[in-house]
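Okay, so here's the structure we're looking at.
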2 protein chains.
Amino acid sequence: MTRILVVDDEPQIVRALTITLKARSYEVVIAVSGRQALAVAAQSSPDLVLLDLGLPDLDGVDVIRGLRSWTKVPIIVLSGRNQGTSKVDALDAGADDYVTKPFNIDELLARLRAVTRRAPSGTEALSVVVGEFTIELPDRRVTSCKPDDEGEPAGVRLTPTEWQLLELLVRQPGRLVTQRELLKEIGRADVGDQSHYLRQFMNQLRRKLEPEPSRPRHLMTEPGMGYRFQP
Amino acid sequence: MTRILVVDDEPQIVRALTITLKARSYEVVIAVSGRQALAVAAQSSPDLVLLDLGLPDLDGVDVIRGLRSWTKVPIIVLSGRNQGTSKVDALDAGADDYVTKPFNIDELLARLRAVTRRAPSGTEALSVVVGEFTIELPDRRVTSCKPDDEGEPAGVRLTPTEWQLLELLVRQPGRLVTQRELLKEIGRADVGDQSHYLRQFMNQLRRKLEPEPSRPRHLMTEPGMGYRFQP
DNA sequence: GTCCGGCGTCAGGCTCGCGTCAGGGTCATG
DNA sequence: CATGACCCTGACGCGAGCCTGACGCCGGAC
């Protein structure tokens, strides 16, 4: 089932879109601000994003850039502003389509089908460079730029839990991800203080990815809060 | 250089578009009717089609269907008619975008960049070499480079299920394919943990294709996640 | 200076997932 | 009916990955 992330701060718009999309048996995820949109997109990996440009916190174009820094997920922009260069800016920032409010719902659905039709493989993603390694999100692998002793371009083996944590961090570059979010990702947000757990895996990740594990440059820890991925 | 096929029967529109596009160093090819559009597209293989719906001979939607019957080239529809269901019909027939006349030229150029940006333009490899075998996807067969004892260039016999799994892996070289994806391919993603199932078939594939089945070099397993084809 | 909470690191037990062999069931074919 | 080929399930050993406990370090509070 196709999962759609609806980003809008007007409740009635969100409600109308949700009802319409669910009636077409789409799965709907909601965000009401730009920052929330980036966080939710990272955690739920939607197949399409419906993005309103008039958000309270971030500029819509910055939201598009934030998404495009790690994913190729199709983005359709909804906007009341049809003047000026916002259309061109949004499209050039990486949006796939631009629909002006008020929009015909059938047209929106048709455009939605058009952009999803072209991207059948779900969430294609880009790669992120970390030190001497390249994290390839779509392939779920980490490769080294330098070949090893035997001349093979060997990569790094990551365990499922390590990968889950790394992916959540990398998909939100620069943003602080709380311990709770990280623990929720690996299904351990239920009981007590499990931060020890996290430290264990972060340690392993640093040992596998950081040149100097004791002096991390990309997997930064924010004491008392959580962790942050620094590109 | 990006080649654009402009299809319109109004000379002044064609002229204006041609000048604008050539100024952006696009290559421009012209057709003034539906039939001509199909013929020109076939022989010049453009990278994008700008299609006016109000053509004298064929219905615009039929032109789209005609193109889509053999090519995935991006199509942007230009139209003066913004009423009715023509938008939905055109998009569902295979158009990638729909712009209503009169249009802002900067917006059109931005949409043009948006659809070409997403265009795959990649040709898939049809046969893959793995060890001493060659996997020929279109022929659905695996042949050995070395002839057998009797001098015949014997191939490897794969069962339907084995082929389904191998094809899914080989079609995405280097990418990790999750257990769920693999099980879904062979129609067993419905209930419970069927990973045992997978292991069975992967084992058989390795015994048939890998020089050392216990030390696989191409059909790699990623514990807890899935499998990966390594070219 | 002393206490204390949070973090990094190491070590070890234990479960889980993987590979492998073996055997039974089903369907098409001779 | 007999005979394969193929699909599917069970059992078992083993190693990897998970989870927990313990210890040292550092910075801030008092």
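Below, chain A is the first sequence line, B the second, and so on; all start at residue 1. Every value quoted in this text rests on a predicted model; they were computed, and no experiment measured them. As a basis for the values below, the full set of heavy atoms in this structure was taken, side chains included, without hydrogen atoms, waters or symmetry mates.
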Original post:
Nucleotide range of DNA chain C contacted by chain B, 5' to 3', under 4.0 Å to a heavy atom?
Top reply: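 With heavy atoms of chain B under 4.0 Å away, the range is C:dG17 to C:dA22.
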Please check if any side-chain donor atom of [X] sits under 3.5 Å from a side-chain acceptor atom of [Y], or the reverse.
{"X": "A:E136", "Y": "A:T143", "answer": "yes"}
{"X": "B:Q230", "Y": "A:R141", "answer": "yes"}
{"X": "A:R171", "Y": "A:S69", "answer": "no"}
{"X": "A:Q164", "Y": "A:T161", "answer": "no"}

Subject >> Interatomic distance, A:L158 CG vs D:dA16 C1' [rounded to whole Å] >> reply: 14 Å
Under 3.5 Å between N/O atoms: give me all the protein pairs with nucleotides 18-24 of chain D, atom names plus distance.
from: D:dC18; atom 1: OP1; to: A:T159; atom 2: OG1; distance (Å): 3.3
from: D:dC18; atom 1: OP1; to: A:T161; atom 2: N; distance (Å): 3.3
from: D:dC18; atom 1: OP1; to: A:T161; atom 2: OG1; distance (Å): 2.7
from: D:dC18; atom 1: OP2; to: A:T159; atom 2: OG1; distance (Å): 2.9
from: D:dC18; atom 1: O3'; to: A:Y197; atom 2: OH; distance (Å): 2.6
from: D:dC19; atom 1: OP2; to: A:R188; atom 2: NE; distance (Å): 3.2
from: D:dC19; atom 1: OP2; to: A:R188; atom 2: NH2; distance (Å): 3.0
from: D:dC19; atom 1: OP2; to: A:Y197; atom 2: OH; distance (Å): 2.8
from: D:dC19; atom 1: O5'; to: A:Y197; atom 2: OH; distance (Å): 2.9
from: D:dG21; atom 1: N7; to: A:H196; atom 2: NE2; distance (Å): 3.2
from: D:dG21; atom 1: O6; to: A:H196; atom 2: NE2; distance (Å): 3.0
from: D:dA22; atom 1: N6; to: A:H196; atom 2: NE2; distance (Å): 3.4

Subject >> Counterpart residues, ring pair (Phe, Tyr, Trp, His ring centres under 6.0 Å), relative to A:Y197 (two or more places apart) >> reply: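 Once residues adjacent in sequence are excluded, the partners of A:Y197 under the ring pair (Phe, Tyr, Trp, His ring centres under 6.0 Å) criterion are A:F201.
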Subject >> Trace of the side-chain hydrogen bond (donor to acceptor under 3.5 Å, both in side chains) decision for A:E181 with A:Q43 >> reply: CA-CA 9 Å; A:E181 287 178 276; A:Q43 300 195 28; 3.0 Å; yes
Original post:
Which comes earlier along DNA chain C counting from the 5' end, the contact point of A:E222 or that of A:R207, where each point is its nearest nucleotide?
Top reply: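 The residue mapped nearer the 5' terminus is A:E222.
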**OP:** Identify the residue among A:V6, A:L50, A:D8 that makes a side chain to side chain contact (heavy atoms under 4.5 Å, CB included) with A:I13.
**Re:**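 Among A:V6, A:L50, A:D8, the one that satisfies the side chain to side chain contact (heavy atoms under 4.5 Å, CB included) with A:I13 is A:D8.
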Original post:
Does a sphere of radius 6.0 Å around CZ in B:R68 hold more than 12 heavy atoms from other residues, nucleotides or ligands, not counting ones at 6.0 Å or beyond?
Top reply: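 Yes, CZ of B:R68 has more than 12 neighbouring heavy atoms, counting only those of other groups under 6.0 Å.
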**OP:** May I ask you to evaluate whether A:R157 reaches the phosphate of D:dG17, defined as a side-chain N or O under 4.0 Å from OP1 or OP2?
**Re:**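 Affirmative; the distance criterion is met.
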